[in-house]
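Here's the structure we're looking at; comments come further down.
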Amino acid sequence: MLIAPSLLSCDFSKMGQEIKRMEEAKADFMHLDVMDGHFVPNITFGAPVIKTIRSYTDVPFDVHLMISEPLKYIDDFASAGADIITFHIESDSDIQQTIDKIKSKGIKAGLVIKPNTPASMVFPYLKDLYMVLIMTVEPGFGGQSFMADMLPKVSEIKEKSKTENPRLLIEVDGGIAEDTIGQAAKAGVDICVAGTAVFKAKDSKKAIEKLKAIAAEV
Ligand code: DX5
Ligand code: ZN
């Protein structure tokens with residue numbers, strides 16, 4: 001299992017150091033939650049902030065856009081140094097155009113689905129994607145409870161991608177902790193985002209090790 005700590009739970013007054021701390025804790029990706037206060041009822045940070053923290057690590061930046069018009073901002077996030085850009089299928093931008101734009105920048109593209117969105121919505125785009133991100137909480141805030149009833153979406157998408165894109169990765173986001181990561185692993189998830197469970201742990205390195213160990217057991 002790959003672990004992507006969500007910087008949403010970091011100390012924003014020292015983001016650079018927090019990124020270094022996650023690199024030392026052996027994070028596989030840095031998960032960066034961009035919220036516009038419109039698509040979701042919360043505001044975080046945008047491309048200028050991501051640009052300033054880019055130089056702190058070579059660990060890939062997994063940028064999760066919770067914004068209404070992702071297509072308008074792909075250039076900005078590309079020049080800020082995103083390695084993966086995931087955006088919501090429920091957003092207002094043209095989906096295919098946005099995927100194509102991300103890929104034209106040499107960045108890996110991902111689609112995200114909210115809890116009420118069926119897995120089948122992403123089927124038409126699977127062949128063009130690096131990952132599908134399945135929300136296991138309503139997007140907007142960290143520290144919410146894991147929705148285990150989202151896990152059947154993992155096998156639905158995996159099954160469909162077998163023929164269309166066998167290398168497609170599945171990521172889940174929200175409520176991942178020691179008591180939930182086993183279920184995600186069992187369902188076939190490749191990458192788990194974890195905010196609270198990693199940042200609020202006394203020892204983030206041990207927290208990541210433990211999460212991976214639990215996932216490996218199933
Ligand atoms: C929610 C964000 C998540 C969130 C996860 O909208 O996309 O990345 O920070 O936080 P935890 O792990 O605390 O649920
Ligand atoms: Zn996220």
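Position 1 is the first residue of the sequence, and the numbers go up from there. Atom set for the values below is all heavy atoms of this structure, side chains included, hydrogens, waters and symmetry mates excluded. Order of listing sets the numbers, starting from 1, for every ligand and every atom in it.
Here the heavy atom of the protein found nearest to atom 10 (O) of ligand 1 is G142 CA, 3.5 Å. Counting protein heavy atoms only, atom 9 (O) of ligand 1 is closest to S6 OG, 2.9 Å. Scanning all protein heavy atoms for the shortest distance to atom 14 (O) of ligand 1 gives G175 N, 2.8 Å.
Assignment of F141 to the shell around ligand 1 is supported, since a heavy atom sits closer than 4.0 Å. Heavy atoms of G174 approach ligand 1 to within less than 4.0 angstrom.
More than 12 heavy atoms of other residues, nucleotides or ligands lie within 6.0 Å of NZ in K158, so this atom counts as buried by the packing criterion. By the 6.0 Å contact criterion, OH on Y73 is open, its count of non-hydrogen atoms from other residues, nucleotides or ligands being 12 or less.
For D173, the N/O/S atom at the shortest distance from the Zn ion (ligand 2) is named OD2. Closest approach between the Zn ion (ligand 2) and any N/O/S atom of H64 involves ND1. When the N, O or S atoms of D33 are ranked by distance to the Zn ion (ligand 2), OD1 comes first.
The only member of T86, V112, I74 that meets side chain to side chain contact (heavy atoms under 4.5 Å, CB included) when paired with L65 is I74.
Ligand-side atoms of ligand 1 in range of H64: 7 (O), range being under 4.0 angstrom from any heavy atom. Counting atoms of ligand 1 from 1 in the listed order, those under 4.0 Å from a heavy atom of M35 are 6 (O). Each of the following atoms of ligand 1 lies closer than 4.0 Å to a heavy atom of V193: 8 (O). Near P139, meaning under 4.0 Å from any of its heavy atoms, are these atoms of ligand 1: 6 (O). Within ligand 1, counting atoms from 1 as listed, the ones closer than 4.0 Å to a heavy atom of G140 are 1 (C), 6 (O). Set against the non-hydrogen atoms of D173, the atoms of ligand 1 under 4.0 Å away are 2 (C), 3 (C), 4 (C), 5 (C), 7 (O), 8 (O). Contact atoms of ligand 1 toward H31: 8 (O) (distance under 4.0 Å to a heavy atom of the residue).
Of the N and O atoms on the side chains of S93 and E69, not one donor lies less than 3.5 Å from an acceptor on the other residue. Side-chain contact of Q96 with D128: a donor-acceptor pair under 3.5 Å is present, judged by distance alone. Between D33 and H31, the side chains place a donor N or O and an acceptor N or O closer than 3.5 Å (distance only, hydrogens not considered).
Distances between N or O atoms of G143 and those of ligand 1 include at least one value under 3.5 Å. Inclusion of D33 in the set of residues having an N or O under 3.5 Å from an N or O of ligand 1 is warranted. Among the atoms of I176, none of the N or O lies under 3.5 angstrom from an N or O of ligand 1. Below 3.5 Å of separation, one finds an N or O of G195 facing an N or O of ligand 1. Residue E138 has no nitrogen or oxygen atom sitting less than 3.5 Å from a nitrogen or oxygen atom of ligand 1, judged on distance alone. Polar contact check, M66 against ligand 1: no nitrogen or oxygen pair lies under 3.5 Å apart.
V34 and L133 are assigned to two separate hydrophobic clusters, defined by single-linkage of ILVMFWY side chains at heavy-atom distances under 4.5 Å.
The pair D100-K105 does not meet the salt-bridge criterion, since no charged nitrogen lies less than 4.0 angstrom from a carboxylate oxygen. Comment: K210 engages E178 in a salt bridge, judged by a side-chain N to carboxylate O separation of less than 4.0 angstrom. Checked for salt-bridge contact, D75 and K101 meet the test: a charged N lies under 4.0 Å from a carboxylate O.
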Show, in sequence, the C-alpha distance, side-chain angles and deciding distance for M22 and V59, and conclude whether the side-chain contact (heavy atoms from CB on, under 4.5 Å) test is met. CA-CA 9 Å; M22 285 306 126; V59 174; over 6 Å; no

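If you look at T196 next to ligand 1, the close heavy atoms, those under 4.0 Å, come from the backbone and the side chain alike. Looking at A194 against ligand 1, only its backbone comes within 4.0 Å, counting heavy atoms.
Between the side chain of T136 and the backbone N or O of G174 there is at least one donor-acceptor pair closer than 3.5 Å. When atom types are taken as modelled, the side chain of E18 and the backbone of L7 share no donor-acceptor pair closer than 3.5 angstrom.
A cation-pi contact, defined as under 6.0 Å to the ring centre and within 45° of the axis, is absent between K20 and Y56.
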